[in-house]
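This report refers to the structure that appears directly beneath it.
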Amino acid sequence: MNKLLWMQCFVRAVETGSFSAVARELGIGQPNVSRHIASLEQDLGTRLLHRSTRQLVATPEGQRYYAQARVALDAIARAESDARGKQNPHGLLRVACPAGLGIEKIIGVLPEFMARYPDVELDLRLGDGYVDLVAEGVDVAIRGGVLKDSALRARRVGMSERICVASPAYLARHGTPQHPDDLLRHECIVYTLLAGSGWPFKDGEVHVRGRLRINSLEGIRRAALDGMGIAYLPAWMVMEHLGGAAASTEPQRLQRLLGEHAAPLTPLNAVYSAERLLPHRASVFIEFIAAVFAETPGLAIRPGQTVR
């Protein structure tokens with residue numbers, strides 16, 4: 001009898017709402033998850049979950065048991081971490097990150113991180129959609145913006161500035177906007193994963209329009225380089241394409257626009273659940289990424305920066 005495994009299956013079933021998600025996470029097969037939870041219910045002599053073809057819902061008894069089981073599992077994790085000591089982070093670390101940031105600024109430094117912490121395995125989940133940390137079992141997510149969810153905690157690891165850019169070829173054909181309102185007369189490349197069509201500036205948002213809509217920031221950058229319109233992108237994505245960029249050896253391929261109207265910078269945070277023990281492997285990852293971003297143009301935190 002492995003009551004700890006039964007408890008883990010039940011807790012993650014409540015948090016994910018899915019036996020199949022728990023099976024994938026624990027690598028034990030969906031029938032085993034169902035069987036373990038049934039064994040736990042039999043051992044306790046009470047039903048913990050209402051099961052249907054569409055959802056799992058904790059019973060009142062299941063809700064009470066979940067709260068205590070979650071505390072118990074976190075206590076076990078904390079005891080194991082203390083016993084192993086702070087010098088040996090280990091285990092599977094799940095990190096969620098925006099696709100562009102992960103591909104361009106994180107994957108390239110992972111060999112150093114994994115060499116430094118050889119007992120850590122990393123599951124890096126790249127995507128620009130919202131991630132529910134608890135439901136998806138994610139330890140740390142990298143997110144932009146001010147933290148609003150009280151169930152999460154955040155450590156600021158960088159700052160991100162979004163800027164308007166266009167190719168010299170586009171500007172030669174259509175002219176250069178001098179004020180944010182001028183964007184209404186231009187072809188703007190719209191990012192479809194951004195809520196609304198507003199581009200923030202110092203004095204407010206401008207709701208832009210354009211015939212081209214893309215659900216990828218990398219795609220928007222490519223379209224801007226090809227002269228298809230004006231883009232609104234994180235500065236770190238286009239540094240090497242701007243004239244005067246220290247790292248650039250190529251001719252200017254994008255021009256920054258409306259710099260004097262730029263909105264304040266956005267914090268870039270590593271966020272994690274406030275109700276869960278932060279594993280040591282997660283804390284060292286956060287420290288590592290903060291150090292990397294501190295040396296990255298367009299992401300580094302500088303004294304006196306205005307924050308949005």
Report task. Return the orientation label for the Y232 and F201 ring planes: parallel under 30°, perpendicular over 60°, tilted otherwise. Result -> tilted
Query raised in the report: Is the side chain of T59 donor-acceptor paired with the backbone N or O of R47 at a distance under 3.5 Å, no angle test?
Result: yes
Report task. Drop me the distance from L171's CG to T176's OG1, to the nearest 0.5 angstrom. Result -> 4.0 Å
**Report entry** Heavy-atom pair with the smallest gap, counting every atom of R143 and L152
**Finding:** NH1-CD1, 3.4 Å
Report task. State, yes or no, whether a side-chain contact exists between I76 and L4 at a heavy-atom distance under 4.5 Å. Result -> yes
Query raised in the report: When rounded to the nearest 0.5 angstrom, what distance separates CG in L44 from CZ in F10?
Result: 9.0 Å
Query raised in the report: Should I286 and L278 count as side-chain neighbours, where that means a heavy-atom distance under 4.5 Å?
Result: yes
Query raised in the report: What do the steps show when you test R281 against E121 for salt bridge (Lys or Arg N to Asp or Glu O under 4.0 Å), and what is the final call?
Result: CA-CA 9 Å; R281 57 185 176 272; E121 300 175 43; over 6 Å; no
Report task. Check whether the side chains of T16 and S18 place a donor and an acceptor atom closer than 3.5 Å, and report yes or no. Result -> no
Query raised in the report: Shortest non-hydrogen contact from K202 to A262?
Result: CB-O, 3.5 Å
Query raised in the report: If you count the non-hydrogen atoms of other residues, nucleotides and ligands that lie under 6.0 Å from CD in Q68, is the total more than 12?
Result: no
Query raised in the report: Who are the side-chain contact (heavy atoms from CB on, under 4.5 Å) partners of L184, not counting sequence neighbours?
Result: V206, R209
Requested in this report: Spell out, as yes or no, whether a donor-acceptor pair under 3.5 Å connects the side chain of E161 to the backbone of M159.
Outcome: no
Query raised in the report: Are any side-chain N or O atoms of R125 and backbone N or O atoms of V131, one a donor and one an acceptor, separated by less than 3.5 Å?
Result: no
Query raised in the report: Would a hydrophobic clustering, with Ile, Leu, Val, Met, Phe, Trp and Tyr connected at side-chain separations under 4.5 Å, put V14 with V57?
Result: no
**Report entry** Considering all heavy atoms, the nearest A38-R51 contact
**Finding:** N-NH2, 4.2 Å
Requested in this report: Give the C-alpha distance, both sets of side-chain angles, the deciding distance and a yes or no for side chain to side chain contact (heavy atoms under 4.5 Å, CB included) between W199 and L258.
Outcome: CA-CA 12 Å; W199 288 3; L258 305 171; over 6 Å; no
Query raised in the report: How close do P177 and L257 get, heavy atom to heavy atom, and via which atoms?
Result: CG-CD1, 4.0 Å
Report task. Indicate yes or no: at least one non-hydrogen side-chain atom of D139 is less than 4.5 angstrom from one of F285. Result -> no
**Report entry** Reported CD1-to-CG distance for the pair I163 and L254, which is rounded to 0.5 angstrom
**Finding:** 8.5 Å
**Report entry** Ring centres under 6.0 angstrom apart (F288, Y117)
**Finding:** no
Query raised in the report: Can you name the closest pair of heavy atoms from C9 and I28 and give their distance?
Result: SG-CD1, 3.8 Å
Query raised in the report: Would you say the side chain of I220 lies within less than 4.5 Å of the side chain of V190, judging by non-hydrogen atoms?
Result: no
Query raised in the report: At what distance, to the nearest 0.5 angstrom, does CG of L183 lie from SG of C188?
Result: 4.5 Å
Requested in this report: Look up atom CD1 in I189 and atom CG in L212, then write down how far apart they are to the nearest 0.5 Å.
Outcome: 5.5 Å
If you look only at distance, which donor and acceptor atoms sit under 3.5 Å apart when one is on a side chain in residues 91-115 and the other is two or more places apart or in another chain?
unit_1, atom_1, unit_2, atom_2, d
E104, OE1, R221, NH1, 3.1
E104, OE2, R221, NH1, 2.9
E104, OE2, R221, NH2, 2.5
E112, OE2, R116, NH2, 2.8

Report task. Kindly say whether F19 contributes a backbone atom to a donor-acceptor pair with the side chain of Q30 at under 3.5 angstrom? Result -> no
Report task. Please tell me if the side chains of R162 and T266 come closer than 4.5 Å, counting only heavy atoms from C-beta onward. Result -> no
Query raised in the report: More than 12 heavy atoms of other residues, nucleotides or ligands under 6.0 Å from CE of M228: is that the case?
Result: no
Query - Gap between atom CG of D182 and atom NE2 of H174 - 0.5 Å precision - result: 14.5 Å
Report task. State, yes or no, whether a side-chain contact exists between L26 and R12 at a heavy-atom distance under 4.5 Å. Result -> no
Requested in this report: Please check if L122 and V157 belong to a single hydrophobic cluster, counting links between Ile, Leu, Val, Met, Phe, Trp and Tyr side chain heavy atoms closer than 4.5 Å.
Outcome: yes
Query raised in the report: Would you call the rings of H186 and Y170 parallel, tilted or perpendicular if under 30° counts as parallel and over 60° as perpendicular?
Result: tilted
Query - Minimum side-chain heavy-atom gap T46-Y65 below 4.5 Å - result: no
Query raised in the report: Considering residues, nucleotides and ligands other than E218, do more than 12 of their heavy atoms fall under 6.0 Å from its CD?
Result: yes
Query raised in the report: Would you say the side-chain atoms of E187 pair up with the backbone N or O of R211, donor to acceptor, closer than 3.5 Å?
Result: yes
Report task. Spell out, as yes or no, whether a donor-acceptor pair under 3.5 Å connects the side chain of R173 to the backbone of G227. Result -> yes
Query raised in the report: Does Y66 reach the side chain of V11, with side-chain heavy atoms less than 4.5 Å apart?
Result: yes
Query raised in the report: Is R155 salt-bridged to E287, cutoff N-O under 4.0 Å?
Result: yes
Query - Which atom of I214 lies closest to which atom of A223, heavy atoms considered - result: CD1-CB, 4.1 Å
Query raised in the report: H36 and S39: side-chain donor and acceptor closer than 3.5 Å?
Result: no
